[in-house]
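Letters A, B, ... are given to chains in the order of the sequence lines, protein chains preceding strands, and every chain is numbered from 1.
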Protein chains: 2
Amino acid sequence: MSLQHIAVIDLGSNTARIVVIGGVLGHAFRLEDEIREVVRLRQGMTAGILAEASMARALFTLRLFKRFCDSYGVDQIIAAATSAVREARNGAYFVERVKRELGLSLRVLEGDREAYYATLGALNEVPIRHGYVVDIGGGSAQISQVVDRRFARGVSLPLGALALSERFVQGDVISAAERQALQTQIADQLDGVAWLQKGLLNGSSLVGLGGTIRNLAKMEAARSDYPLNTLHGFVLDRQSVNESIRLLADLPLAERCKLPGLNSDRADIILPGALVIHNIMERLGADQLTITINGLREGLFFEHFWGHLTYPVVADVRAFGVLNMARVYRYQKSHAVHVRFLAGRLFKQLSPLHGYTPAERELLDSSALLHDLGSVISYDDHHKHSQMLITNSGLPGFTPRETAIIALLTRFHRKGNPTIKEFGQLLAVDDRRLVEQMAAILRLAEYLERGRNANVDDVIVTWDADTLRLTLVADEYPAVELWDAERNALALMESAFGRRVVVESTAVPDIH
Amino acid sequence: MSLQHIAVIDLGSNTARIVVIGGVLGHAFRLEDEIREVVRLRQGMTAGILAEASMARALFTLRLFKRFCDSYGVDQIIAAATSAVREARNGAYFVERVKRELGLSLRVLEGDREAYYATLGALNEVPIRHGYVVDIGGGSAQISQVVDRRFARGVSLPLGALALSERFVQGDVISAAERQALQTQIADQLDGVAWLQKGLLNGSSLVGLGGTIRNLAKMEAARSDYPLNTLHGFVLDRQSVNESIRLLADLPLAERCKLPGLNSDRADIILPGALVIHNIMERLGADQLTITINGLREGLFFEHFWGHLTYPVVADVRAFGVLNMARVYRYQKSHAVHVRFLAGRLFKQLSPLHGYTPAERELLDSSALLHDLGSVISYDDHHKHSQMLITNSGLPGFTPRETAIIALLTRFHRKGNPTIKEFGQLLAVDDRRLVEQMAAILRLAEYLERGRNANVDDVIVTWDADTLRLTLVADEYPAVELWDAERNALALMESAFGRRVVVESTAVPDIH
């Protein structure tokens, strides 16, 4: 297992970006650096020819990216260009210059490959099985169909937010005629995609990515006082897209810039992209769209990261996301997996009392792996730091509600009286009981593994109307575990399960 | 350099505590675990004999601590007992039982040794050269004199907060007669310490430690809306001690428990401790007392950690504290030290313009070593995470104002317009200019080391009334550094130094 640094360069029509991702292939990864530069490669592209000045700007930026990679000492560079280079008649000449002058191999992605890599990015973040992935970029928009967690087909259409703005919107506020022309163009282009029609969605999901879509989500998050610091798993509904369109269409630019959540460098081009999204949602009869943060760059990265798989998509994004986070923050594996084991044993035996299902079990298991994460910051208050790290980074594949619950379980794994208030409407009233009962189980498992040496092999749970009895099976008399569980874990168990709780051991205390 | 886990056990008159500290001796350390248990060893100690029930409780707890160490796999256990065991006529018998039953060697600290170890803890946290260290515990209070950063002498007096409360205060609110008796006892005891007299303080410092003193500081912090999450370097003034005494003396227990910052399990015993502190401050003519978080346990730890020194006290607590924090959070050393070098070169050459001294240079140097700390949390927003980590952990030896400035410099090392508002009265109006100019220097140094490979060997600064010129000396043409500095660092330099800023390189650009 050796650490590698992979750079992914993405030369778009408007922006060039580089990310450096550090990781051990197939094991764990994290973002380590990022540079973004507005290049406007498409600018002055008349009659399908990249302008000399634009090419010079792009070469300048790519040279810097290449030098940055050299000095950073990255192990591999993956570089790709999209619609501007693809569509240019002198695109091949540009690629050859990049190769000759910089020694950098730039892959020009065909439209369906661009859709494919965006979909790879999405599939490695969102647990959809069947459905559609929409990626709205600057120059083009890609739409893909996913069948059984694989890219089935995809298309690139000239519906990028910047391209549409340049072509259809002249003034500060869009006119009725402009909006009509824009809608007609969007409808015409989408009509050409036979597999994107009403009724085809049934039961499958719609996923969105790219700056336009993320920014619509940020606007909705700002309007609704969203309590997480991440857009992982954020769901945008059609009504919210409508509301954003209304605000964007009515206000002059200066006012639009003040809209909460809207990035000022998108305020002038976001509306056409929002109209594309809205049309697609209507067309599919989709009420909701799930946001992904990943995109083309991550798709290119995952092709490398999952290179040993026959198809570079992780089977279980949730399980891997939890494991990746645990690994990135250097969790103490033997302790964490034993807490998960004991918590699972308690969950299973107590199921007649709590009535929860494998769905809740997954949240408990995840919180068990992540409970000590905050120790990376400091031992003091590490339970609070764990919550902060989870609500800050998010957990791929989990819904916002599930992420909040996992974060709360880590928060209350040592002490405190579980409350759910800070997450507002994200959690339902019933989730209070869930959090209390799961936190009680996690806390008990933590204290039964207080010596961090897996001394307690198992716990047997029996109860009657008044008393819940926990019998510990251990090789050595679990003195520390009995004592610390009694001091710190039983009160919450008693309140969570409405019984007096007794803990005992089958092993006999020895002298020492 | 091998990682060790050291457990320090401290059996006090009221409480038993264990801390596990992980670290590489002489290199870096951090707290890894902690357990605290109220044992009340002193309870029922009549005629100088530890009661059988009290010894049984202590043995029970120490057995658990020992088992915890065994299962945790600690490399060394340092265990000490203080006044209760020291003063008991059957103390030796108790120590022998601990040895026989638990295999644990318990050192019984003589009064002056208890004072010595508390002082070692303090000296490794606070940069005092000469002065006094006061440690108010449950059973006794230790007072030490420090000369030239060494423990000169110390004494243990029967002025512990719990012992005084038990002896002098009967009811809920202290009566005038009780208070008088208490004051007399305190004065009598302190009168016996010849070297603790008015006028002896001149120019030297008073440092306080122990739960009573920390809690007085917490009360003051709560009253004044203190903006740091740490008491490192907190200064308590006599007026604030007066105010706490007034509140504690006037209110019945139920009301006292509601006082902001006061721990409810100290509400009943804190007043006598506050009176001891007040008397000592008056006696020495000291207006201020600096808080330390370290104490006896840390002193015992440092004797081991600094075992290779002739005297186990670090020479420069500030420099080591910064380095320890950088090491604990796995800083990228080569990058951090090069940023510090370039920032130092800028600071020095720009000194005619900014006029700052070595004191401010130290803050800049420290922030350069710590600027990327937040990457341990995530690359995104790592500058904000750096600030959070510093204001959360504090920096030993720095004043609260200095800590806030270092945190702000890391916060603004990448982007943002420096403001100091969030630290309220901790910073003066003039500090706004300091933070802006130092942040401008740090940010420029960061972007001049953007490739993280020390490409820029030096920077030469010249200026006239209008223009500040930065000339980079480098082996290779510093393309990335020039470009990213121009995009991201020059604007703040221009506003901080009131000149147009130009950056250029002596090296000639090559083709690649």
Side-chain angles (χ1 to χ4, degrees), chain A residues 19-22 30-35 37 60-61 63-73 101-104 229-230 328-330 332 374-382 384-385 388-389 392-393 449-455 476-484 487-488 509 511-512, chain B residues 19-22 30-35 37 60-61 63-73 101-104 229-230 328-330 332 374-382 384-385 388-389 392-393 449-455 476-484 487-488 509 511-512:
Chain A
V19 291
V20 177
I21 302 173
R30 72 184 298 177
L31 179 67
E32 299 220 327
D33 216 320
E34 181 166 16
I35 306 178
E37 174 78 345
F60 176 81
T61 300
R63 176 176 290 122
L64 290 162
F65 284 2
K66 176 64 166 53
R67 280 176 180 279
F68 179 73
C69 291
D70 291 345
S71 60
Y72 204 102
E101 295 186 20
L102 312 181
L104 192 68
N229 293 324
T230 164
V328 159
Y329 291 111
R330 301 164 186 272
Q332 203 183 337
S375 302
V376 75
I377 295 176
S378 65
Y379 175 78
D380 287 334
D381 288 337
H382 69 272
K384 294 182 190 170
H385 302 319
M388 181 277 285
L389 288 172
N392 204 54
S393 304
E449 164 55 6
R450 188 67 182 90
R452 297 178 168 260
N453 64 341
N455 181 34
E476 274 192 63
Y477 183 67
V480 173
E481 289 75 17
L482 281 168
W483 169 69
D484 230 1
R487 297 188 328 155
N488 290 311
I511 292 299
H512 288 298
Chain B
V19 291
V20 178
I21 302 174
R30 73 184 299 178
L31 178 67
E32 299 220 328
D33 215 320
E34 182 166 16
I35 306 178
E37 174 79 346
F60 176 80
T61 300
R63 176 177 290 123
L64 290 162
F65 285 1
K66 175 65 166 54
R67 279 177 180 276
F68 179 72
C69 291
D70 292 343
S71 61
Y72 204 101
E101 294 186 21
L102 313 181
L104 192 68
N229 293 325
T230 164
V328 160
Y329 291 111
R330 301 164 186 272
Q332 203 183 336
S375 302
V376 75
I377 295 177
S378 65
Y379 175 78
D380 288 334
D381 288 338
H382 69 273
K384 294 182 189 170
H385 302 319
M388 182 276 287
L389 289 172
N392 204 55
S393 303
E449 165 53 6
R450 187 67 181 91
R452 297 177 167 260
N453 64 340
N455 182 33
E476 274 192 63
Y477 182 67
V480 172
E481 289 74 17
L482 281 168
W483 169 71
D484 229 1
R487 298 188 327 154
N488 290 310
I511 292 299
H512 288 297

Which one, Asp70(A), Val328(A), Asp484(A), Asn392(A), leads in non-hydrogen pairs under 4.5 Å with chain B? Asn392(A)

Kindly give the heavy-atom pair with the smallest separation between Arg30(B) and Ser375(A), and that separation in Å. NH2-O, 2.8 Å

Gap separating the CZ atom of Phe68(B) from the CH2 atom of Trp483(A), nearest 0.5 angstrom: 9.0 Å

Reported CG-to-CG distance for the pair Asp380(B) and Asn229(A), which is rounded to 0.5 angstrom: 11.5 Å

Quick one: which of His382(B), Arg487(B), Met388(B), Arg452(B) has the most heavy-atom pairs under 4.5 Å with chain A, could you say? Arg487(B)

On a heavy-atom basis, the closest approach of Asn453(A) and Ser71(B) is ND2-CB, 2.9 Å

Salt bridge Asp33(A)-Arg450(B), side-chain N to carboxylate O under 4.0 Å: yes

Heavy-atom pairs under 4.5 Å with chain A, option from Val376(B), Leu31(B), Ile377(B) with the top count: Ile377(B)

Nearest 0.5 Å, what's the CG-CG distance between Leu482(A) and Leu64(B)? 9.5 Å

For Ser378(B), is it the side chain, the backbone, both or neither that has a heavy atom under 4.5 Å from a heavy atom of chain A? both

Tyr379(B) and Glu32(A): CA distance, side-chain angles, deciding distance, side chain to side chain contact (heavy atoms under 4.5 Å, CB included) verdict: CA-CA 6 Å; Tyr379(B) 175 78; Glu32(A) 299 220 327; 5.7 Å; no

Which of Leu389(A), Asn455(A), Val480(A) touches chain B most, by non-hydrogen pairs under 4.5 Å: Val480(A)

First locate atom OH of Tyr477(A), then atom CZ of Arg67(B), and finally report the distance between them rounded to the nearest 0.5 Å. 8.0 Å

